Amino acid sequence: MNLSSTIKSIQDIMRKDDGVDGDAQRLGQLTWMLFLKIFDQREEEWEDDNSKYKSPLPKRMRWRNWAAYVPGQDGKKKPQIAASEVINFVNNDLFPSLKDLNANASPQHKVIRGVFEDANNYMKSGPQFLAVIEKLEEAIDFHDFRTRANLGDVYEQLLNDLRGAGNAGEFYTPRPITQFMVDRINPRLKKNEVVLDPACGTGGFLTATIDHLRNQRTTKSGTKEQRAIEAAIRGFEKKQLPHLLCTTNMLMHSIDVPSQIEHRNTLGVGWNEWSVNDKVDCVITNPPFGGYEDDGVGGDYPADLRTRETADMFMALIIKKLLKENGRAAVVLPDGFLFGDGIKATLKRLLLRDCKLHTIVRLPKGVFAPYTTIKTNLLFFTKGAAVDDGTEHFHTDVIWYYEHPYPPGYKSYSKTKPIRLEEFKPEQDWWGIEANDFADRVENEFAWKVDFKSKREQADAAAQPHWERAEQLGNEASALDSRIRDLRESIKGVSDAKLRMPVDAEIDVLRTQADTLRLQARDAQASGDRLYWPIYNLDQKNPNAPEEESHDPDVLLDKYKALLGQIEETENRLKSELAAALAYHFVDENA
């Protein structure tokens, strides 16, 4: 029986167990058992290399001393613990021991405790539990290179299958996406560049990075370069199941001590707790979007960046706290980030100011189905160098877009027709190099560019008179407020109503004038904002694509709603401009 069939037969055994409910629990159960099995075989290798090697596991808790089948008196292999006792041992001895390991004793102790901190044994049937162990014993020989290589592929398929298991799908990014993004960021082994995924899930971007770095090894590759690869990856994961899956994934990719995969909530770290030492050369990630953090998380973010939406929080962190100067990033984000306003517009302004957003690859629907059908985008950007001359500098001048098409004959992606790496060959051929500012790129049916610098300068020029008027009106209102305070001070302690009356009357007039000025200032500010902030709508349609007439009722309804929205926005703008002009006219007449 081949490895893939063995894993499926193990899942079939688990389906018979009353304690295991659903694909996510089956995969979690299989993974912690697989972790201990593989870790034990890795320990055999470490013991061969180092006679003084000492296991971080208590002797009784090592796989070889409780789970491995051993020859009986008749020579046939048998379990070391009876079926009637194994569940009790796992629940009351094994798990408590591993959960209580001293994480400070060594990186290995930390890894194992992190794996089992929130892990569970779901199986209730001793015979079925031993049947799973027997299958693992038969199939998993991590010393065998072929098994080791195949196991990585089988595990990848298991993670892919998990996409249908409810929310568990958020932990998996399709392999072609991870490979393409890593390939374009191109972390360099010789430069000792560090790659971080701050929401690493099951480790797809990190395993793609490991493969990418291994392809850069020289013919004299050995321990030194292997250690360099291990030091080149970092991952943070909030949830227990994906952290367990990721740690096991690292073991399968020959990362001996995956202590750099931390079980932590990246967004739970205080804004000012991040230091310069936390910054890395490359960030490659698919942050969870559409979710919200608990109250209090992110409460110390700068006021203009304060939000509870997870993808927005990750973007703020990547730009301000995680990327080194000239560091490179590739991030998966939904369409909502591109066209969103409010905090999203503020974030995009920060992105385009502090970084060079050079490429947006627009993916079609279905890439992440069934987890989500939302259209997603791959944003590629480089952190700009800080300029401290008292003026504001934008590092983004031109944004290139590439609209990734469906393969011929496809109308969507699905589990049976997923996206494939070879589909990205046109993007790779078109890409060019950042060193010459992508001078070799050309527009085509799928690629176009937006001159953001010109748009920004034009919008800024159009908005400035309104903003300057808003500031002037605000200053005039403040001057009146100051005059009002002086007048109030002048009648302080005066009890005679006749003496107070003219001053009170003047205060009332001044207050009315100040309120009018503030209203006009708000209108002027809003007029300027309406001219300026739309440039941060990055949801740009492909101008080179042929116009497709759709008769889909849903599409037509969306177009109708969009048209109504545009009409309403135009009406509101006209009303606001008219109100501001009339208010200004009446103030001038009363002056």
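The structure presented is a predicted model; accordingly, all values stated were derived computationally and were not measured. All values below come from the heavy atoms of this structure, side chains included, with hydrogens, waters and symmetry mates left out.
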Say whether, by atom type as modelled, one donor and one acceptor occur between the side chain of [X] and the main chain of [Y] under 3.5 angstrom.
| X | Y | answer |
| --- | --- | --- |
| Asn215 | Asp211 | yes |
| Asn50 | Lys52 | yes |
| His395 | Ala385 | yes |
| Asp440 | Gly432 | no |
| Ser527 | His466 | no |
| Gln216 | Pro187 | yes |
| Trp271 | Gly298 | no |
| Lys383 | Ala329 | no |
| His263 | Lys238 | yes |
| Lys348 | Leu338 | yes |

Could you go through Met181 and Val361, starting from their C-alpha distance and side-chain angles, then the distance that decides it, and tell me whether this counts as side-chain contact (heavy atoms from CB on, under 4.5 Å)?
CA-CA 10 Å; Met181 291 171 69; Val361 176; over 6 Å; no

Reported [atom1]-to-[atom2] distance for the pair [X] and [Y], which is rounded to 0.5 angstrom:
| X | Y | atom1 | atom2 | value |
| --- | --- | --- | --- | --- |
| Asp437 | Glu434 | CG | CD | 7.5 Å |
| Gln464 | Glu471 | CD | CD | 9.5 Å |
| Asn104 | Arg113 | CG | CZ | 8.5 Å |
| Leu357 | Leu379 | CG | CG | 5.0 Å |

Start with the C-alpha gap between Thr376 and Phe289, add the side-chain angles, then the distance that decides, and say whether side-chain contact (heavy atoms from CB on, under 4.5 Å) holds.
CA-CA 10 Å; Thr376 49; Phe289 46 81; 3.9 Å; yes

Show the numbers, then the answer: is there a salt bridge (charged side-chain N to carboxylate O under 4.0 Å, His left out) between Asp118 and Lys239?
CA-CA 9 Å; Asp118 297 313; Lys239 297 184 179 180; over 6 Å; no

For the residue pair [X] and [Y], is the inter-centroid distance of their aromatic rings smaller than 6.0 Å?
| X | Y | result |
| --- | --- | --- |
| Trp400 | Phe438 | no |
| Tyr532 | Trp467 | yes |
| Tyr406 | Tyr413 | yes |
| Phe39 | Trp46 | yes |
| Tyr536 | Trp533 | yes |

Show the nearest heavy-atom pair for residues [X] and [Y], with the distance to one decimal.
| X | Y | answer |
| --- | --- | --- |
| Trp448 | Glu403 | CZ3-CB, 3.9 Å |
| Gly28 | Leu241 | CA-CD1, 3.6 Å |
| Thr396 | Leu351 | OG1-O, 4.4 Å |
| Ile319 | Cys355 | CG2-SG, 4.0 Å |
| Asn537 | Gln540 | O-NE2, 2.7 Å |
| Val332 | Asn286 | CB-OD1, 3.5 Å |

Start with the C-alpha distance between Gln525 and Asp529, add both sets of side-chain angles, then the distance that settles side chain to side chain donor-acceptor pair (under 3.5 Å), and finish with yes or no.
CA-CA 6 Å; Gln525 180 69 39; Asp529 289 348; 3.1 Å; yes

Chi angles and distances behind the side-chain contact (heavy atoms from CB on, under 4.5 Å) call for Leu347, Phe337:
CA-CA 9 Å; Leu347 273 170; Phe337 180 84; 4.3 Å; yes

Taking the side chain as C-beta and beyond, is there a heavy-atom pair between [X] and [Y] under 4.5 Å?
| X | Y | result |
| --- | --- | --- |
| Ile229 | Ile210 | yes |
| Met313 | Tyr301 | yes |
| Leu206 | Asn249 | no |
| Glu193 | Arg328 | yes |
| Phe394 | Arg353 | yes |

Working note: Gln226 + Arg214, criterion side-chain contact (heavy atoms from CB on, under 4.5 Å); need CA distance, chi angles, decisive distance, verdict.
CA-CA 8 Å; Gln226 176 59 27; Arg214 282 186 178 145; 3.8 Å; yes

Face-on cation placement of Arg184 at Phe380 ring, 6.0 Å and 45° thresholds:
no

The test is salt bridge (charged side-chain N to carboxylate O under 4.0 Å, His left out); show your working for Asp451 and Lys455 and say whether it passes.
CA-CA 7 Å; Asp451 185 349; Lys455 287 181 66 175; over 6 Å; no

Is the closest basic N to carboxylate O distance between Glu45 and Arg42 below 4.0 Å?
yes

Using the rule side-chain hydrogen bond (donor to acceptor under 3.5 Å, both in side chains), only one of Lys110, Gln108, His109 pairs with Ser106; which is it?
His109

